[in-house]
2 protein chains.
Amino acid sequence: MATIHDVARAAGVSISTVSYALSGKRAIGAATRDRIDAAVAQLGYRPNAGARMLAGSRTNLLALSAPLHADTYAPAHMTFVLAIAEAAREFDYDTVLLVQDEAVNGLRRMVSSKLVDGIVLLDVDRDDSRVPLVRELDIPVTLVGIPADTTGLTCVDLDFEAAARLSVERLAAQGHRQIGLIGHPEELYARGSNFPIRFRDAFAAAAAEFGVGTHFVMPEQEPVSVRVALEELRRELPGLSAIVLNCNEPVHTMALELLRQDGASIPQDMSVLSACSSFPTDQLDPPLDVIPLPALITGRRGVELTMNQLGGYSEPVVELVPPAYIAKGSTASVT
Amino acid sequence: MATIHDVARAAGVSISTVSYALSGKRAIGAATRDRIDAAVAQLGYRPNAGARMLAGSRTNLLALSAPLHADTYAPAHMTFVLAIAEAAREFDYDTVLLVQDEAVNGLRRMVSSKLVDGIVLLDVDRDDSRVPLVRELDIPVTLVGIPADTTGLTCVDLDFEAAARLSVERLAAQGHRQIGLIGHPEELYARGSNFPIRFRDAFAAAAAEFGVGTHFVMPEQEPVSVRVALEELRRELPGLSAIVLNCNEPVHTMALELLRQDGASIPQDMSVLSACSSFPTDQLDPPLDVIPLPALITGRRGVELTMNQLGGYSEPVVELVPPAYIAKGSTASVT
DNA sequence: CTGAAAGCGCTTACAG
DNA sequence: CTGAAAGCGCTTACAG
């Protein structure tokens, strides 16, 4: 494999000139640059990664801590991972993947061995075991998700509170007075999972603010459980005319199927809104109004915030991505 | 951050002794080793990754090429990624994730910059654009999936042909004479996707061998399409008494729900078998007999085969993981 | 059982 | 606009 010396020899210059030409860190004569470019192309030269890490101040590697719980919703998770890996490439970074328990121990290992320049933490829970660790790590870190204590941390996430409020606001404006909320399986809430809890609590607060009645159910991902949940909503909210879904895609499908079986037309008999969904709701039958969980935006922003810190800008910030409402015709005014 | 010089000084030895003590590549006196261990612990020393890559022959980094298509089934994909990242850790390797088009260009980049010691290719299609590339790469590579031409390549995968044959064999032995096969969406087959095609073709061959009638449908992931597919099976196979599902979890759920609506009891009226599934079928209602797609085993084996090559053993092999049949009571003999 | 030293392939002050 | 050289922190023959 060609080294920088081979390139220098072929171009008739010194290795420092080659290095500077490649990094662009100082001006190079046009003729010189052309000869270097030609030599690089002809030899298929690519700088040795290890040498670069050792001599330079950057490794061009980013650690992505992506622990997977049994209840992790794979499609959303994958979208985040994708967005982060792609965004990293735009900064000429590659992504080292840390999973499971390695998501914690691996971080310490990567930092002390100087393998990575920065870290992105995915799926941060309110009381996340990685938070105390990264607080003492002297390296750029961005959290995707908002922990309970954000002191000194850079975080980014969808504004779940605003999303919950927006859900209630829209439906209340249509005249709905009793709105059901179908959440994730109970286990998630018990574990202190970030998104669902914030959404649930903000939803309740917004309902109080707008003076609408609500009830909250947490079905498992199976038809029987979803049916029981629907029945509970109808029982607790006799005037139920709208349902907000803050749950996985299979539960969406099941709920829509059950409503169909009950002969409830959407949106004539029931308004349905999907909130903070990471999948396309226009594949559903019928397509649902949605406040998307913008995994691509949020994940990408996580990388950008890390790169900002690498660039020297290191004021901790908590960035909340504002929610958007996309209408598909699955909600309607009460008649 | 402490360097090997700090450790050597603290332990009163040379840096080479520290290096050898840590790598275990030569015998060290007990007292010396104790002093080194103490110094390492006290200083929190961890070898610099870049220096190690440059001086040594290993980077301890593995590239995972995991392109994601629009139709990639996230949960299965994630299980593979997990299995590979975890298995890599057991060999003291970390995993660099390559996605999308980077799955191809990134490979070349990592190899020529000597960033990684080996490569695992995930989700290899029959006619995969990465295959010609890795063939000319002078680095250990293992393919998870079997391309059309395996010359010179090390591959591992579930034995889909055997899995298809096993499906037919079990149902034929129960007396079923007409067996429907529900596959993935048509697009996957058009794209030359690996698993589904191999399963479909082997299923047809096995049906011929056992003298049973079959029909093959490829519904989209939505209730209406699945209903149409079921109706097509009943129309084409008037004596339909068994269905094999080689499709995603949502389609499983939909098919079971539709059978329930039709009043068909499982297994009394219809035997149902899930083939090459990457999710737990005992969560379904009813739990289904399954021939699992052992993503954990296959993914892990992909890493092991790469490590074998790194260790010097480099005979290309195509390893097929034999299928297993797990009964859950969803099939029964024809009465 | 241990050490002195070369060398891995870069980056970056220092110098002109 | 360009070059000579130090140095990043390891590993590994070479030597004893």
Side-chain angles (χ1 to χ4, degrees), chain A residues 1-37 39-40 43-61 92 94 109-117 310, chain B residues 1-37 39-40 43-61 92 94 109-117 310:
Chain A
M1 206 121 302
T3 72
I4 196 171
H5 287 99
D6 300 322
V7 176
R9 198 176 311 122
V13 295
S14 72
I15 63 163
S16 55
T17 299
V18 175
S19 178
Y20 283 119
L22 260 36
S23 69
K25 288 190 181 171
R26 79 179 179 192
I28 303 287
T32 308
R33 151 153 284 136
D34 286 348
R35 272 181 294 131
I36 291 175
D37 286 349
V40 165
L43 294 169
Y45 169 72
R46 194 106 49 163
N48 178 289
R52 226 171 162 178
M53 290 186 198
L54 181 57
S57 55
R58 297 283 178 90
T59 68
N60 284 70
L61 249 23
D92 199 31
D94 279 299
R109 185 163 44 79
M110 316 234 123
V111 171
S112 50
S113 69
K114 290 198 192 314
L115 180 66
V116 299
D117 294 333
L310 271 173
Chain B
M1 204 120 306
T3 73
I4 196 170
H5 287 99
D6 301 321
V7 175
R9 196 175 313 120
V13 297
S14 71
I15 63 161
S16 55
T17 299
V18 174
S19 178
Y20 283 119
L22 259 37
S23 69
K25 288 189 181 173
R26 79 178 180 193
I28 303 287
T32 308
R33 152 154 283 136
D34 286 347
R35 271 181 294 134
I36 292 174
D37 286 349
V40 166
L43 295 168
Y45 169 72
R46 195 107 48 165
N48 178 289
R52 225 172 162 177
M53 290 186 197
L54 181 57
S57 54
R58 299 281 179 89
T59 69
N60 285 71
L61 249 26
D92 200 28
D94 279 299
R109 183 164 44 79
M110 316 233 126
V111 171
S112 52
S113 70
K114 290 201 193 313
L115 180 66
V116 299
D117 294 333
L310 271 172

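A note on names: the letters A, B, ... follow the listed sequences, proteins ahead of strands, and every chain is numbered from 1.
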#### Entry: Spacing of Arg9(B) atom CZ relative to dC10(D) atom P, expressed in whole Å
12 Å
### Task
Check whether any side-chain N or O of Asp92(A) sits under 3.5 Å from a backbone N or O of Asn60(A) as a donor-acceptor pair, and report yes or no.
no
### Message
What is the distance, to the nearest angstrom, from the CG atom on Leu22(B) to the P atom on dT11(D)?
### Response
8 Å
### Query
Under 4.0 angstrom, heavy atoms only, what part of the nucleic acid is Thr3(A) near: base, sugar-phosphate, or nothing?
sugar-phosphate
### Summary
Rounded to whole Å, CG of Asn60(A) lies from C1' of dC10(C) at a distance of 13 Å
### Query
Can any side-chain N or O of Asp94(B) pair as donor or acceptor with the backbone N or O of Leu61(B) at less than 3.5 Å?
no
### Identified pairing partner of dA4(C), criterion: Watson-Crick or G-U wobble below 3.5 Å
none
### Query
Quick one: Tyr45(A) OH to dC10(C) C1', roughly how many Å, whole number?
7 Å
### Query
Starting at NE2 of His5(B) and ending at P of dC10(D), how long is that distance when rounded to a whole Å?
8 Å
### Query
Can you find a donor-acceptor N/O pair under 3.5 angstrom joining the side chain of Ser16(B) to the base of dA4(C)?
yes
### Query
Taking the side chain of Ile4(B) as heavy atoms from C-beta outward, which of dG9(C), dC1(C), dT11(D) is closest to it?
dT11(D)
### Query
Should dA13(D) form a Watson-Crick or G-U wobble pair with both distances under 3.5 Å, which nucleotide is its partner?
none
### Task
Could you state the atom-to-atom distance from CG of Asn48(A) to P of dT11(D) in whole Å?
15 Å
### Task
Check whether any side-chain N or O of Lys25(B) sits under 4.0 Å from OP1 or OP2 of dT11(D), and answer yes or no.
no
### Task
Looking only at side-chain atoms of Ala55(B), point me to the closest of dC8(C), dC8(D), dT2(D).
dC8(C)
### Message
How many whole angstroms separate atom CG of Asp6(B) from atom C1' of dC8(D)?
### Response
14 Å
### Query
Backbone N or O of Thr3(B) within a donor-acceptor pair of the Asp6(B) side chain at under 3.5 Å?
yes
## Note on the structure
Regarding the side chain of Arg52(B), the nearest nucleotide among dT2(D), dT12(D), dT11(D) is dT11(D)
### Query
Hey, does the side chain of Thr59(A) reach the backbone of Leu115(A) with a donor-acceptor pair shorter than 3.5 angstrom?
yes
### Task
Could you say whether Ile28(B) or Leu54(B) is positioned toward the 5' end of DNA chain C, judged by the nucleotide with the nearest heavy atom to each?
Ile28(B)
### Task
Between dG3(D), dT2(C), dT12(D), spot the one nearest the side chain of Tyr20(B), thanks.
dT12(D)
### Query
Taking atom C1' of dT2(C) as reference, at what distance in whole Å does atom CZ of Arg35(B) sit?
11 Å
### Task
Verify, without hydrogens or angle tests, whether Asp117(B) (side chain) and Arg58(B) (backbone) share a donor-acceptor contact under 3.5 angstrom.
no
### Task
Would you check if Leu22(A) and Val7(A) make a side-chain contact, meaning some heavy-atom pair closer than 4.5 Å?
no
### Check: Arg26(A) side chain, dG3(D) base, donor-acceptor under 3.5 Å
yes
### Query
Would you say Ser14(B) reaches dT2(C)'s phosphate, i.e. side-chain N/O to OP1/OP2 under 4.0 Å?
no
### Query
Of the nucleotides dT12(C), dT11(D), dC1(D), which one has an atom closest to the side chain of Ile15(B)?
dT11(D)
